[in-house]
Engineer: 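Okay, here's the structure, questions in a sec.
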Amino acid sequence: MTLLNQSDIQSSIERATRLKQLQSLTYKTRQFLQKDAQYQIAYASELGEEGAIEHANLSKNLEQSLIELEEYISERLRGNNMTTEMQEKPKAASERPEPTRYNPAGIEKKWQKIWEETGQNHAADDDSRPKFYNLVMFPYPSGDLHIGHWYNFTGVDVFGRFMRMKGYNVMQPFGFDAFGLPAENAAIKRGVQAGKWTLSNIDKMRDQLKTMGGIWDWEREVVTCLPDYYKWSEWLFLKLYEAGLAYRAKAPVNWCPNDQTVLANEQVLSDGTCERCGAVVIKRELEQWFFKITAYADRLLEYKGVNWPEKTMTMQKNWIGRSEGARVVFKVEAPDQENQEKIEVPVFTTRPDTLYGVTFFLLAPEHPLVEKLTVAGQKAEMEAYVKTARNESEIERQNAEKLKTGVFTGSYAINPINDEKVPIWVTDYVLMGYGTGAVMGVPAHDQRDFEFARTMGLPVRLVYQPEGREIKSEEMTEALIHEGHVVNSGPFDGLPDSQETVQKFIDFIEQKGVGKAEVTYRMRDWLISRQRYWGSPIPIVYCEKDGIVPIPEADLPVILPEDVNFRPDGVSPLSYMPEFVNTTCPKCGGPARRETDTLDTFMCSSWYFLRYCDPDNAEKAWDNERVNRWMPVDQYTGGPEHATMHLLYARFFTKAMYDMGLLSFEEPFTSLFHQGMIRSEGKKMSKSRGKTVAPDVLVQQFGADAVRAFLMFLGPFDQGAEWNDKTEQLLTGVSRFLNRVWAIATDMPAETSGEPFTSADTRQLQRATHKTIQKVTDDLGHWAFNTALSSLMEFSNTLQELSSKNSAIRHTEAWFEAVQTMLKLLAPLAPHITEELWHQIGHTDSVHNQSVPVFDPALAADDVVTIIVQVNGKVRDKLELPIGVSEAEVKAAVLAIPRVASAIGNGEPKKIIYVPGKLVNIVI
RNA sequence: GCCCGGGUGGCGGAAUGGCAGACGCGGCGGUCUCAAAAACCGUUGGGGUAACACCCGUGUGGGUUCGACUCCCACCCCGGGCACCA
């Protein structure tokens with residue numbers, strides 16, 4: 001080394017300082033570059049293909065410059081005289097053998113390839129193990145597999161892997177719900193074919209998903225937009241048509257002005273907006289195709305042999321909305337009906353016991369009798385009112401806060417129970433779609449009727465009085481609901497408010513022949529035709545001579561044309577294609593027109609779980625033997641938002657097919673679980689809702705195992721998580737944990753010394769091992785992945801503590817058992833690293849084919865008990881005592897503690913609570 | 001309005017009648033390094049003390065209990081579902 005003068009040293013220091021600043025800048029730039037790469041994926045659709053390429057090139061150039069800069073810096077630092085000597089590597093490190101580094105990228109690719117080649121994720125039909133059908137709701141191929149998908153699919157995969165290690169032949173298929181509006185919108189916006197766009201998205205998502213290392217059985221993949229699948233969707237439509245469960249009818253339907261199509265009731269949110277796009281839905285009178293799901297209302301309320309969340313069943317029950325009551329027929333006196341024809345109007349009521357309290361009669365504005373019953377003098381006012389009501393949106397109309405409005409028809413209804421004449425009004429709070437569209441007004445005992453009566457100045461007549469006090473109708477401020485006993489009701493006076501009383505009224509009107517018991521439902525039939533292109537064709541033709549004619553089974557599928565000219569104007573784009581529309585009638589051979597509407601995508605997703613059982617069948621939708629091999633689904637996992645849509649439709653389908661003899665079971669999903677969702681700014685993360693986070697960058701940086709474990713570590717799986725800047729920090733923890741597992745396993749000696757489980761340390765290790773087995777196997781079976789991971793972390797901490805305290809322990813049997821147990825328990829959560837380590841410690845079979853370790857309570861048992869010592873319920877001390885210590889001994893030991901003794905003072909303790917093996921509480 | 005779910009450190013969360021804050025992140029202090037990163041060790045609810053002691057603390061207010069995050073009553077806030085359904 002040359003001698004340096006003072007100024008040389010000074011400038012050296014300055015140069016080194018500047019270089020270091022530069023170095024820190026390159027580090028920061030690198031961080032930005034990583035963030036940018038994430039955004040690039042998240043906003044891929046906005047960038048477009050060209051934009052993405054340009055962006056990628058820019059990033060690549062910047063990356064290259066950074067590398068050059070970093071090289072330059074390290075070269076200059078090395079060349080700097082001040083640092084030459086310090087740059088030399090410490091000798092000690094190079095003498096040590098380099099331990100193998102945990103390199104996720106390498107081992108993950110390696111094992112994914114091996115698993116694929118050995119086919120160990122394919123569930124064969126002829127397997128002697130009991131079957132386990134582990135199903136996840138298949139995604140829509142938006143082209144963007146974001147972190148929300150990963151969360152969902154990882155949890156399902158962890159569960160499936162755990163069940164496999166428990167000895168089941170797990171079938172865990174995957175597919176894509178590939179028809180639907182976004183493809184069509186992309187086609188319009190970018191001028192690409194919807195089919196090509198969808199299939200390329202599927203390819204991309206499949207590749208992204210494969211990096212997760214799940215046990216998805218790709219041999220069973222189902223894609224609903226391919227003819228070999230939708231052929232059978234069409235076939236099922238025909239089956240339902242044959243069974244009388246599909247029909248065409250004109251009805252007021254929900255129309256989304258933005259998506260230019262009709263929607264099912266289930267697809268309209270409770271605020272009256274479109275479930276897909278958020279536009280306000282309007283009502284239109286249109287001829288459409290329906291499935292008669294209402295015919296199954298009662299059976300959909302049964303849940304035979306299923307294990308579903310109470311909440312989901314309640315949601316479905318509320319949606320179906322069964323109410324029991326009676327149909328009562330009122331005769332009408334219409335002054336303007338000169339021909340004196342007898343008009344009768346039925347009402348539905350759940351309270352026939354209040355019939356004597358009827359003081360007016362109500363019709364919905366859409367009721368077909370409104371025009372006929374309105375007298376000449378009221379015509380103009382009525383027309384205006386009905387018009388306003390029709391134009392009102394659902395939101396305005398269904399606002400319960402709104403003041404009651406209405407118009408008197410001038411006609412009267414005759415109450416069949418007492419022949420009383422009451423005025424007939426029209427009001428918009430009566431809905432045409434529920435019951436009969438007509439209601440008897442009982443203001444004293446129905447809040448809405450009460451408000452109406454007060455607004456219109458109509459009489460209020462009490463037919464119930466509470467016990468022990470009397471209410472006067474003119475003093476009432478609200479309706480009296482379910483209280484007291486019957487009054488003012490002739491022979492019924494004095495009866496209590498009860499089901500029996502209601503039944504007595506029903507018996508009475510049935511005897512008189514003016515009504516009968518009836519049940520109504522809130523749920524309507526399922527509207528399944530859509531005025532859009534990208535969906536399964538409806539296999540129907542319209543013939544001038546024969547009317548509606550189904551396509552014969554042999555001519556299926558009706559192929560959806562690929563090159564379509566889009567005009568989203570409320571009519572299906574297919575109707576502009578004469579070559580599609582014009583056909584011949586299968587019955588008479590004459591000219592006919594094809595149905596140009598397409599099927600709701602929810603129809604395609606109502607049976608995909610059956611196709612997974614027999615995905616390549618070209619002869620049938622499925623083979624019954626194969627379906628019976630796997631169905632029903634043992635575990636179904638998906639978001640709770642499907643409770644009243646997909647989950648209801650799929651149950652209806654299964655029951656309908658059961659009735660047709662196509663299936664031998666009635667419930668498709670035995671056990672159901674709703675995972676939570678990953679939220680971004682409080683909303684579900686999804687492409688249609690804006691910002692998403694791509695897992696790819698994280699996977700590249702930390703490995704799929706770390707990302708999987710990190711997602712499962714965020715919290716309880718059914719709770720989901722809010723995604724923000726801090727969330728990703730948690731990844732560091734699991735990444736460190738995996739590195740620790742790597743270090744422990746790769747540091748294991750080749751053979752054990754054969755030392756038995758005798759020392760205090762080995763016993764401690766064995767106890768920890770079995771406690772961990774108990775906790776982790778219990779947690780994995782209950783979707784408690786976060787706590788399973790935390791116990792594994794604790795276990796690895798224990799291993800490290802023990803080995804640093806006593807490195808000889810690594811040669812014991814207990815250590816070998818502990819490490820192998822750790823790998824097996826961790827395998828479902830982090831499948832690659834555990835497989836690699838399993839082989840590195842000398843095994844030749846797969847860790848995923850091992851059985852779940854068996855918990856032995858005897859080996860987990862402690863040999864001391866810790867007694868909590870409380871004074872007045874406050875913890876003051878702890879005592880470690882040998883197991884089997886007597887109550888008297890414990891009490892003596894506790895009273896001997898100086899702190900306890902001083903707390904008691906010279907008095908006597910009032911009471912001593914002793915919970916054996918747990919705690920002593922001294923009350924003073 | 002009705003029906004579910006939830007409210008715990010700076011953050012994600014754990015504990016379902018018996019040690020509140022497991023596990024992890026972040027912070028602080030340290031080891032190693034010219035330095036940074038990584039890794040490792042220690043520490044980390046608030047008040048209080050030299051250190052202990054001690055006091056306070058699970059949305060709010062009551063209650064039950066020897067003992068309450070946990071059970072009961074009332075209320076507030078957040079999320080989800082339903083809602084003029086006769």
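The sequence lines fix the lettering, A, B, ..., with proteins before strands; numbering per chain opens at 1.
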Engineer: Of all the nucleotides listed (B:C25, B:A20, B:C85), which has the minimum atom distance to the side chain of A:L431?
Structural biologist: B:C85
Engineer: How would you label the contact of A:K874 with the nucleic acid (heavy atoms, under 4.0 Å): base, sugar-phosphate, or nothing?
Structural biologist: sugar-phosphate
Engineer: Please give the distance between the P atoms of B:C75 and B:C4 as a whole number of Å.
Structural biologist: 15 Å
Engineer: Decide yes or no on ring-ring contact (aromatic ring centres under 6.0 Å, His included) for A:F702 and A:F710, but give the supporting numbers first.
Structural biologist: CA-CA 10 Å; A:F702 297 96; A:F710 148 69; 8.6 Å; no
Engineer: Using side chain to side chain contact (heavy atoms under 4.5 Å, CB included), reason through A:I509 and A:L355 one step at a time and then give a plain yes or no.
Structural biologist: CA-CA 10 Å; A:I509 57 172; A:L355 261 168; 3.9 Å; yes
Engineer: Can you measure A:M440 atom CE to B:C85 atom P for me and round it to whole angstrom units?
Structural biologist: 15 Å
Engineer: Does A:N739 place a side-chain N or O at less than 4.0 Å from the phosphate oxygens OP1/OP2 of B:A38?
Structural biologist: no
Engineer: Report the nucleotide, chosen from B:C84, B:A39, B:C23, that has the shortest atom-to-atom distance to any side-chain atom of A:K404.
Structural biologist: B:C84
Engineer: When the C1' atoms of B:G5 and B:U16 are considered, how many whole Å apart are they?
Structural biologist: 16 Å
Engineer: Has A:S323 got a side-chain N or O lying under 4.0 Å from the OP1 or OP2 atom of B:A86?
Structural biologist: yes
Engineer: Please measure how far the P atom in B:U58 lies from the corresponding atom in B:C69, and state the result in whole Å.
Structural biologist: 7 Å
Engineer: Would you compute the distance between atom CG of A:L789 and atom CG of A:L829 and round it to the nearest 0.5 angstrom?
Structural biologist: 4.5 Å
Engineer: Rounded to the nearest 0.5 Å, how far apart are CD1 of A:I147 and CG of A:L698?
Structural biologist: 5.5 Å
Engineer: Find the distance A:Y434:OH to B:C82:C1' and express it as a whole number of Å.
Structural biologist: 14 Å
Engineer: In dot-bracket form, 5' to 3', how is RNA chain B paired? Count Watson-Crick and G-U wobble pairs only if both distances fall under 3.5 Å, and write | where the partner sits on another strand.
Structural biologist: (((((((..(((.....[....)))((((((.......))))))(((......)))..(((((..]....))))))))))))....
Engineer: Could you tell me whether the side chains of A:Y356 and A:N415 share a donor-acceptor contact shorter than 3.5 Å?
Structural biologist: no
Engineer: Could you check which of B:A86, B:G81, B:A22 has an atom nearest any side-chain atom of A:M315?
Structural biologist: B:G81
Engineer: A:Y434 and A:S323: side-chain donor and acceptor closer than 3.5 Å?
Structural biologist: yes
Engineer: Run the side-chain hydrogen bond (donor to acceptor under 3.5 Å, both in side chains) test on A:Y429 and A:E451 for me, step by step, so that the C-alpha distance in whole Å, both residues' side-chain angles and the decisive distance to 0.1 Å come before the verdict.
Structural biologist: CA-CA 11 Å; A:Y429 79 82; A:E451 286 166 25; over 6 Å; no
Engineer: Tell me the interatomic distance from A:Q447, atom CD, to B:C2, atom P, rounded to whole angstroms.
Structural biologist: 13 Å
Engineer: CE of A:M313 versus P of B:G80: gap in Å, rounded?
Structural biologist: 23 Å
Engineer: Return the 5'-most residue of the pair A:K311, A:R876 with respect to RNA chain B, ranking by each residue's nearest nucleotide.
Structural biologist: A:K311
Engineer: NA contact type, A:T727, heavy-atom cut-off 4.0 Å: base, sugar-phosphate, or nothing?
Structural biologist: nothing
Engineer: Quick one: which of B:A20, B:A22, B:A86 gets closest to the side chain of A:T349?
Structural biologist: B:A86
Engineer: Would you say B:C25 has OP1 or OP2 under 4.0 Å from some side-chain N or O of A:R736?
Structural biologist: yes
Engineer: Report the relative orientation of the aromatic rings in A:F452 and A:W425; use parallel for angles under 30°, tilted for 30 to 60°, perpendicular for over 60°.
Structural biologist: perpendicular
Engineer: Using atom P of each nucleotide, how far apart are B:C41 and B:G24 to the nearest Å?
Structural biologist: 11 Å
Engineer: Is A:E880 salt-bridged to A:K878, cutoff N-O under 4.0 Å?
Structural biologist: no
Engineer: Can you check whether A:R448 has a side-chain N or O nearer than 4.0 Å to OP1 or OP2 of B:C85?
Structural biologist: yes
Engineer: Applying a 4.0 Å non-hydrogen cut-off, can you work out what A:V875 is touching in the nucleic acid: base, sugar-phosphate, or nothing?
Structural biologist: sugar-phosphate
Engineer: Using the P atom in both, what is the distance from B:G9 to B:G57, to the nearest Å?
Structural biologist: 14 Å
Engineer: To the nearest 0.5 Å, how far apart are CG in A:L647 and CD in A:Q316?
Structural biologist: 6.0 Å
Engineer: 5'-most contact on RNA chain B: A:R351 or A:S791, nearest heavy atom basis?
Structural biologist: A:S791
Engineer: What distance, rounded to whole Å, do you find between the two P atoms, one in B:A14 and one in B:A68?
Structural biologist: 23 Å
Engineer: Let me have a per-nucleotide readout for nucleotides 8-18 of chain B, 5' to 3', with B, S or -, counting only protein heavy atoms under 4.0 Å.
Structural biologist: ----BSS---B
Engineer: How far, in whole Å, is B:G21 from B:G46 if one measures between their P atoms?
Structural biologist: 14 Å
Engineer: Determine if the base of B:G81 is syn or anti; take syn to mean the glycosidic torsion is within 90° of 0.
Structural biologist: anti
Engineer: Tell me if the aromatic rings of A:F737 and A:F713 count as close, with their centers under 6.0 Å from one another.
Structural biologist: no
Engineer: For A:E451 and B:A86, what is the distance between atoms CD and P respectively, to the nearest whole Å?
Structural biologist: 16 Å
Engineer: Can you measure A:E518 atom CD to B:C85 atom P for me and round it to whole angstrom units?
Structural biologist: 18 Å
Engineer: If you check every side-chain atom of A:T350, which of B:A20, B:C56, B:A86 has the closest atom?
Structural biologist: B:A86
Engineer: Suppose you measure atom P in B:C72 against the same atom in B:G6; what distance do you get, rounded to whole Å?
Structural biologist: 13 Å
Engineer: Pick base, sugar-phosphate or nothing for A:K878, based on heavy-atom distances below 4.0 Å to the nucleic acid.
Structural biologist: base
Engineer: Please state how far atom CG in A:D718 lies from atom C1' in B:G80, giving the value in whole angstrom units.
Structural biologist: 13 Å
Engineer: B:C85 C1' sits how many Å from A:W319 CH2, rounded?
Structural biologist: 12 Å
Engineer: Mind checking if A:D449 touches a base, just sugar-phosphate, or nothing, with heavy atoms under 4.0 Å?
Structural biologist: nothing
Engineer: Report yes if the side chains of A:L792 and A:T772 come closer than 4.5 Å at any heavy-atom pair, otherwise no.
Structural biologist: yes
